[in-house]
Asker: 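Structure below; questions to follow.
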Amino acid sequence: MTTINSSNSIMQLATRFDNLGGWTVEQQFVLQMGSSYLLAHGIGTPITEDPTTKVKVEKAGKYTLWVRTKNWTAFWSEGKTPGIFQVKIDGVADEAEFGIGCQGATRAERAAWYWQKGGVYELAAGEHEIALHDVMGLDGRCDAILLTTADQEPGNTLEDYKKLRAELLPAPVVEKGHYDFVVVGAGISGMCAALAAARLGCKVALVQDRYILGGNNSSEVRVGLGGQINIDPYPALGYLLNEIGPDRIGNARGAHHYQDDKKMNVILAEKNITLFTGYTVTEVEKDGDKIKAVTAVEATKQDKIRISGDLFSDCTGDAHLAAMAGAECRMGREAQAEFGEKLAPKEADGFTMGVSIEWYCEDWNTPCSFPDSLDWGLELDEYTVEPVHRANWYWEVGMRDDQVADAEKIRDYGMYVAYSTFSYCKNRYSKKEDWECTHLTWVSHVSGKRESRRVVGDFILREQDLTRPIIHEDSTCTTTWRIDQHYPDPRNADKYPGEEWMSIGVLTPIDFYPLPYRCFYSKDIPNMFMAGRNISVSHIALGSTRVMRTCGLIGEVVGMAASICAKRNVTPRDIYTTYFEDLKELMRKGTGRTDVPYTQFYHQVDRTGHQAEDR
Ligand SMILES: Cc1cc2nc3c(=O)[nH]c(=O)nc-3n(C[C@H](O)[C@H](O)[C@H](O)COP(=O)(O)OP(=O)(O)OC[C@H]3O[C@@H](n4cnc5c(N)ncnc54)[C@H](O)[C@@H]3O)c2cc1C
């Protein structure tokens, strides 16, 4: 058997095609499946602009075509997936339909990423064209094309794949400099951390895996900001968030509601911030317990960079940086006995609040069709279907899955539910004539996450800190949202046990509560902060602290603390033990501008969490 190597094989990454056509670059699962890939996110309309590329064949020969892909609906259905596509070599479509899934005893095996074999091609030396052709407009996906004269079959494990990439596409790492403070993740928390530190004199690197800033509040996810800012005991905190926060509210609205440009412009105006968009941090280098540098991979070209720093902040929401650095993290629910939390379950488990895939449809004057999902979709009937025009927070999936390992499956289930619902309304609903002119115009392919890993700090905030409340000497910014816990909607759980897709919110009132600074740095990694939903809180306490205005305040405090660490050459913990007065002084001043319009006006829900994340 001849083995695959660089002298007999060509690997072409889909995201590196010369022309990406109408397909979407998908990088959310780089850490799980090893690559960015191209996604045919046509929302039910086949994408007509094919991605195309030229590949150079050095030696003429008989090349076998392999395509790395997956069957994304195989977790829930044995029916023929709508995620199929063709591969064309020099304009001729291979006989295979790609994306149909591999053989396997379990659904997870059949839904795994795998190399699907195509035909054998007699290729002359010189340039040849490869194209991908979408068939259904329903999220077919292609990571890479392999052309090989070897008879070895490429292996399907992540380890096999990484080895193959290293052999066929070695990636040099480009050095991008040293910074006082490296912030990983540019959701609301990361942006505020970077801005505050930069304004207080730090040289900051802000690394964001997507090309758009704002995380859940971006036009990619479309979640409105919740919680309040400019609250005692440090009312100056929050003007910073006001500078980047949209002046509109609501979930799953038009893209313009989320004012991506406003956020980007504020970051770009900050001369001390070097922004790296489209870069996912995938590796960490350590010096003893400290983080020394991170390596990040770009979403489209998939080139690698290295950024070193004195201080780091994990603002990834999922605590990816912390986990890579070996910091203790938690995921799931603590048992009641651990902290004495009344709202906690008797036994600890892996249950988390889930992911929402937001979507909406619009009524136009023109009729349209949508593929019937009968073969591959969720089983729905007149009683289980939710015939609505817009998803909201309670379209929530993946509460029983692993939010990190199963991230792609969770995202896919959110899309699966959305397409199946719309398809039912268009094709089978008793009132389907009302849906004749309804167009499914937007389905997010970016997961709206609420909870995954939480990094353990010197203090873990608990339910009773918020409800009694217990004020600590290292009080900082204030959490204002009620403890808002989500559970599967019992009616939905009855019909879809273990695979629920609707939730309910259960609210427990709290007084406004200043968060202890010790929740904002890792107990294990001496130079790492965290801000956002991955701070050191219990599952129950996260029910309050996760809303984005609160995350922004935490980011602002972390940026301030980083500036003190840089100035005094001390660690985040030293601020608590020795320099807390310095932090208090900065918190009294704030880092935001007060000469720009104040746009963060509150509604009932911001004050009370009245309808759990709703508007
Ligand atoms: C449907 C829904 C409704 C909600 N309702 C509300 C609400 O009404 N109000 C409210 O305030 N909150 C609400 N929340 C909760 C809130 O949106 C989240 O808790 C929020 O994400 C917290 O912000 P964050 O900055 O910690 O994380 P995120 O917003 O997730 O930002 C983290 C960023 O880091 C990036 N990143 C991740 N890993 C890496 C990496 N390895 N390298 C580089 N970058 C990385 C991510 O792409 C992301 O952009 C809701 C959430 C959902 C899903």
Side-chain angles (χ1 to χ4, degrees), residues 27-31 182-193 205-218 220-229 241 245 249-252 263 276-284 294-299 307 313-324 353-359 391-398 404 407 414 444 446-454 479-481 484 486 503 505 530-535 542-552 554-555 603 605-606 609-615:
Q27 61 57 242
Q28 287 176 88
F29 314 108
V30 168
L31 294 168
V182 180
V183 178
V184 182
I188 292 297
S189 56
M191 293 176 71
C192 288
L206 177 58
V207 193
Q208 161 74 347
D209 55 5
R210 313 238 14 117
Y211 298 110
I212 293 179
L213 308 181
N216 278 6
N217 186 239
S218 68
E220 295 190 304
V221 183
R222 306 195 189 179
V223 175
L225 299 181
Q228 296 188 51
I229 53 176
L241 183 278
I249 58 165
N251 298 337
K263 299 183 187 99
F276 298 92
T277 53
Y279 280 97
T280 302
V281 168
T282 53
E283 284 164 59
V284 162
V294 292
T295 303
V297 61
E298 206 273 338
I307 299 166
S313 185
D314 187 331
C315 300
T316 63
D318 289 345
H320 286 306
L321 179 69
M324 286 176 217
M353 288 179 284
V355 160
S356 295
I357 292 298
E358 300 289 89
W359 60 268
N392 210 325
W393 63 267
Y394 44 82
W395 288 67
E396 188 167 345
V397 293
V404 176
S444 178
V446 182
S447 292
K449 298 179 177 182
R450 290 181 178 80
E451 174 174 8
S452 60
R453 286 181 291 229
R454 293 163 276 120
T479 188
T480 52
W481 198 262
D484 174 4
H486 291 195
S503 66
M530 55 272 186
R533 62 186 156 84
N534 57 5
I535 61 168
L542 179 69
S544 169
T545 59
R546 73 170 186 280
V547 291
M548 287 180 280
R549 289 201 187 95
T550 306
C551 291
I554 298 168
H603 296 259
V605 63
D606 295 302
H610 180 56
Q611 291 170 37
E613 296 182 350
D614 199 4
R615 309 214 172 244

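Start at 1 and go down the list; that is how both ligands and their atoms are numbered.
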Asker: For ligand 1, is there an N or O atom under 3.5 Å from any N or O atom of V184?
Answerer: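 In fact, backbone or side chain, V184 has no N or O that close.
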Asker: Have a look at S444, G555, C551 and point out the one with the heavy atom closest to atom 23 (O) of ligand 1.
Answerer: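 That would be C551.
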Asker: For atom 24 (P) of ligand 1, which candidate among S189, G552, G317, G185 provides the closest heavy atom?
Answerer: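 Answer by nearest heavy atom: S189.
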Asker: Do L31 and ligand 1 have an N or O pair less than 3.5 Å apart?
Answerer: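 Such a contact does not occur with ligand 1.
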Asker: Side chain, backbone, both or neither: which part of N216 has a heavy atom under 4.0 Å from ligand 1?
Answerer: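 Both backbone and side chain.
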Asker: Quick one: look at S218 and ligand 1, take heavy-atom pairs under 4.0 Å, and tell me if it's side chain, backbone, both or neither.
Answerer: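 The answer is neither; S218 stays 4.0 Å or more away.
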Asker: Holding to salt bridge (charged side-chain N to carboxylate O under 4.0 Å, His left out), I want the full list of residues that pass it with D209, two or more places apart in sequence or in another chain.
Answerer: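 Testing D209 for salt bridge (charged side-chain N to carboxylate O under 4.0 Å, His left out), a comparison that skips the adjacent residues, returns none.
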Asker: Which ligand 1 atoms are under 4.0 Å away from a heavy-atom of G226?
Answerer: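 So the atoms of ligand 1 that pass are 9 (N), 10 (C), 11 (O).
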Asker: Below the 3.5 angstrom mark, is there an N/O of D209, backbone or side chain, next to an N/O of ligand 1?
Answerer: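 Yes: some nitrogen or oxygen of D209 is under 3.5 Å from one in ligand 1.
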Asker: What's the separation between atom CD1 in I212 and atom CG in N217, rounded to the nearest 0.5 Å?
Answerer: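 I212 CD1 to N217 CG: 12.0 Å, rounded to 0.5 Å.
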Asker: Using a strict cut-off of 4.0 Å, indicate which atoms of ligand 1 neighbour a heavy atom of G532.
Answerer: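 Taking each heavy atom of G532 in turn, ligand 1 has 26 (O) under 4.0 Å.
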Asker: Where on H320 is there a heavy atom closer than 4.0 Å to ligand 1, on the side chain, on the backbone, on both, or on neither?
Answerer: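 The part of H320 near ligand 1 is the side chain, not the backbone.
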Asker: Could you tell me whether ligand 1 has any atom less than 4.0 Å away from a heavy atom of I188?
Answerer: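 Yes, I188 has heavy atoms under 4.0 Å from ligand 1.
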Asker: Counting only heavy atoms, which portion of E451 has something under 4.0 Å from ligand 1: side chain, backbone, both, or neither?
Answerer: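 It is neither part, as no heavy atom is under 4.0 Å.
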Asker: Measure from atom 15 (C) of ligand 1 to every heavy atom in R546, M353, R533, Q28 and give the option owning the shortest one.
Answerer: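 Minimum heavy-atom distance to atom 15 (C) of ligand 1 goes to R546.
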Asker: Measure across Q208 and L213 and return the closest heavy-atom pair with its distance rounded to 0.1 Å.
Answerer: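 Shortest heavy-atom separation between Q208 and L213 comes out as CG-CD2, 4.0 Å.
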Asker: Would you say S356 and R450 are linked by a side-chain donor-acceptor pair, where the criterion is simply a distance under 3.5 Å?
Answerer: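 Per modelled atom types, R450 and S356 side chains form a pair under 3.5 Å.
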Asker: May I ask you to check whether Q208 has an N/O atom sitting below 3.5 Å from an N/O atom of ligand 1?
Answerer: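 Yes: some nitrogen or oxygen of Q208 is under 3.5 Å from one in ligand 1.
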Asker: At less than 4.0 angstrom from any non-hydrogen atom of V207, what atoms of ligand 1 do you find?
Answerer: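 Atoms satisfying the 4.0 Å criterion: 43 (C), 44 (N).
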Asker: Between E396 and S503, does any side-chain donor sit less than 3.5 Å from a side-chain acceptor?
Answerer: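 There is such a pair (donor and acceptor under 3.5 Å, judged by atom type) between the side chains of E396 and S503.
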